[in-house]
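Proteins get letters first, then strands, A, B, ... in listed order; numbering begins at 1 in each. The model shown is predicted, which means the values in this text are computed figures rather than measured ones.
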Amino acid sequence: MTRDRFERGLLRVLRPLVIAFLFLITAFPFFYMVMLSVRDIQELILEPGSLWPRSFTLDTYVNVLTRQGFLTFLGNSAIIAVSSVAVTLLISIPGAYAVARLRFFGRRQVHFLFLAVYLFPAIVLAIPLFVLFTMIGLRGSLIGLILVYIAQTVPVTVYMLRNYFETVPQSVEEAAAIDGCTRLSTIWRVVLPLSKPALMATGLYAFMIAWNEFLFALLFLVERRESWTVSLGLSQLAGSIEIPTTVLMAGSVVLTLPIVIVFFASERLLTEGLTAGAEKG
Amino acid sequence: MTATARRPQAPQHRRPPRRGRTLREQEGRAGLALISPTLIITLVVVVLPLLWAIMLAFQDARLINIRRVGVFGHYTLENFTYVMSEPGFWSSLVNTLVYTVAGTALSIAIGLVTALALRDRFRGRTLVRASILIPYVAPVVAVAFLWETMLNPQYGIVNTWLSEPIAFLTQARGEFLGLQVPVALLTVIAFEAWRYFPFAFLFILARLQALPAELDEAAVVDGATPTQRFRYVIMPQLWRIIALLSVLRFVFTFTKFDDVYLLTGGGAGTEVVSVRVYNFLTSRDDIGASAAQAIVLAVFLVVFLVIYLRFFAGGERDDQR
C-alpha cells in the first residue's frame with residue numbers, strides 16, 4: 001500500500017469522524033438548552049442524566065416572560081438594537097462613502113484611527129464612561145448605552161461599507177452627477193440601491209453587537225431593573241436560588257433565538273461582509 | 001496646490017463653484033463633512049474617554065471624590081505602585097497571558113481543522129456549518145450560563161457521565177493522570193476555544209475557497225499525498241490569514257471581560273486582569289487603581305503587538321501588493 005493510498009484511506013475515515021465530533025460539540029449544548037427549558041425542575045434534579053423530558057411543559061416560558069420580566073427586557077434589547085442599527089447606518093454610510101470616493105485632508109489617518117478603535121480594549125473605555133455616566137446621571141438610561149454601541153460598531157461598519165462602495169462603478173455616479181444629482185442624492189439614489197447586500201451585512205453586524213453586549217449593559221443599567229436588557233436580566237437572575245434553572249434555560253432560549261434567526265436569515269451576506277472587511281485590514 | 005494654480009484653465013462648470021472654490025477643494029470639504037459624524041462619535045465616545053482614563057490612572061480618584069478630581073488635580077504614580085504591589089496582580093497577568101495564548105492557539109487550530117474538513121461538499125454540510133456557527137453567534141451570557149449548567153456538579157449533564165463529579169468552574173487544582181492541573185483555568189480556555197473557533201473557521205474557509213484550484217490539482221498530478229499537499233501547497237497560502245487571526249484573537253482575548261466574569265467570576269485561579277479592573281471599579285469604588293490596571297493591561301498589549309510585528313510581520317511585506 002502506498003503512502004498516498006494510506007493517507008487517502010485514513011482521511012476518508014477521519015473526516016466524517018471530525019465532522020461528527022464538531023457537530024456534536026456545537027449542536028449538543030443547544031439541544032440540551034432547549035430540552036432543559038421544557039421540563040420540570042423536579043424531574044431534572046431526580047434524573048439529571050436524561051435528555052428527553054417525560055412530560056413537556058411551557059410553564060417555564062410563561063414564568064420567565066411574565067413573572068421574571070423578560071418581556072420588558074426583550075423590549076429594551078429590541079429598542080437598543082434597532083436604534084443602534086439605524087444610527088450606525090445613518091452615520092457610517094456618508095463616512096464610508098467619503099473614505100471610498102473622496103480625497104480629503106487626513107484620509108489616511110482616519111483609516112488608522114478606525115483600526116485602532118476596532119482593536120481597542122472595551123475594559124479601558126468602561127472606566128471613564130462609567131464615571132462620566134454616573135456624573136451626568138445617564139446611568140440607567142438606554143441612550144448612553146446606544147451611544148457606546150454606535151461608537152464601537154461605526155469603525156467596522158465604515159470599513160465594511162467602504163469595501164463595497166468601491167466596487168460600485170464610478171461611471172454610474174458620474175452619469176448621475178451629469179443628470180443633475182447632488183452628492184447626497186447620488187448616494188441616496190445610486191450608491192445605496194446598488195449596495196443593498198452590504199447594508200444588510202453591516203446592519204446585522206451592528207444588531208449582533210448591540211443584542212449580545214454585556215459589559216456596558218452591566219455597568220450602566222444594573223441598578224435599574226426596568227431597563228435591563230435580556231443579557232443582563234439573564235446574568236443577574238442566574239445567581240439567585242429562587243428561580244429554577246429550567247426557567248432560566250427558557251430565558252437563555254429567549255435570548256439566543258432572535259439573534260440566531262436573524263443571523264441565519266442572512267448568514268451568507270454577513271460572513272462575506274465580515275471576512276472581506278477584516279482580511280484587508 | 002496644483003489645483004489652485006490650474007484654476008484659470010479649468011473648464012467652466014455648468015454651476016460655477018461658490019466663492020471660487022476648485023473642484024478639488026470642494027471634494028475635500030465634502031469628504032470632511034461626510035466623515036465628520038463618524039469622527040465626532042469616535043472622538044467623543046472613544047478617544048476622549050481614553051485620555052480621561054489615562055488621567056484618572058494618575059490621580060487619586062474614587063467615586064466619592066470624583067467631582068473634586070479635575071484636569072489640573074495633582075498627579076501621582078501612587079495608583080501604579082499600589083496596583084502592582086497588591087497581591088494577585090502579577091498572577092492575574094500570568095493568567096491572562098496563559099488564557100489568551102492557549103485560547104487563541106486552540107481556537108485557530110480547531111478552526112483550521114474545521115475549515116479543511118468542511119471544505120468539500122457533503123450531504124448535510126449546510127446543517128453542520130450552521131451548527132458550528134451558533135457558539136459564535138449566540139450571546140455570551142446565554143452560552144456561559146449554558147456551560148455552567150452543563151458542568152454543574154449536582155445536576156449538570158457532564159458530571160453524570162463521569163465516575164466522580166468534577167467542579168469544573170470552582171475548583172482551582174485537580175489531579176489528572178497523576179498530574180496537577182488547573183481545572184477552572186482549563187475550563188475557561190476550553191470555553192474560549194469552543195466559542196471562537198467558528199470565527200477562525202470563517203476566515204480560513206473564505207481564504208481556502210479563494211485559492212486557485214490549479215495548484216492543488218497540479219500537486220495531485222505530481223503525485224503529492226494529501227499531507228504533502230497540505231504542507232507544501234495549502235499551508236503556505238494560509239499563513240497570512242493565520243497571522244492576522246492570531247493578532248485579532250490575541251488582542252480581543254487579552255482584554256476580554258465577559259467570558260471569564262460570567263463563568264467563574266474570576267475565582268478558582270482564573271482571575272484575569274480585566275475582571276480585576278471591573279472589581280476595583282465596582283466593588284472597591286477605586287477608580288484610579290482600576291484605571292491604572294487597565295492602562296498596564298493596554299501597555300502590555302501594545303508591547304506584545306510590537307514584538308509580534310517585529311518578528312513575524314517583517315517577511316510579509318513583500319507579498320502585500
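Figure legend: A/R162 and A/Y159 shown as a cation-pi pair, the cationic atom lying under 6.0 angstrom from the six-membered ring centre and within 45 degrees of its axis.
Interface remark: A/L248 contributes backbone and side-chain atoms alike to the contact with chain B (heavy atom separation under 4.5 Å). With a 4.5 Å cut-off on non-hydrogen atoms, A/V18 touches chain B through its side chain but not through its backbone. Looking at A/L11, only its side chain comes within 4.5 Å of chain B, counting heavy atoms on both sides. When heavy atoms are compared at a cutoff of 4.5 Å, A/F23 approaches chain B by way of both its backbone and its side chain. Only the side chain of A/L36 comes within contact range of chain B, with at least one heavy atom under 4.5 Å from a heavy atom of that chain. Residue A/L232: no heavy atom, backbone or side chain, is found under 4.5 Å from chain B. There is no contact between A/L10 and chain B, counting heavy-atom distances below 4.5 Å. Neither the backbone nor the side chain of A/L14 comes within contact range of chain B, judged by heavy atoms closer than 4.5 Å. With a 4.5 angstrom heavy-atom cutoff, A/P16 does not touch chain B via any of its atoms. Interface residue A/F120: only side-chain heavy atoms are found under 4.5 Å from chain B. Looking at A/V110, the atoms closer than 4.5 Å to chain B (heavy atoms on both sides) all sit in the side chain, from C-beta outward. Proximity to chain B (any heavy atom under 4.5 Å) is shown, for A/L132, by both the backbone and the side chain. With a 4.5 Å cut-off on non-hydrogen atoms, A/R101 touches chain B through its backbone but not through its side chain.
The pair B/E25-B/R29 fails the salt-bridge criterion, with no side-chain N (NZ, NE, NH1 or NH2) lying under 4.0 Å from an Asp/Glu carboxylate O.
Across A/L113, A/T245, A/V117, A/V260, the residue that shares the most heavy-atom pairs under 4.5 angstrom with chain B is A/T245. Comparing A/F28, A/F21, A/Y97 by heavy-atom pairs within less than 4.5 Å of chain B, the highest count is held by A/F28.
Taking the six-membered ring for Trp and the full ring otherwise, B/F304 and B/F254 have centroids separated by under 6.0 Å.
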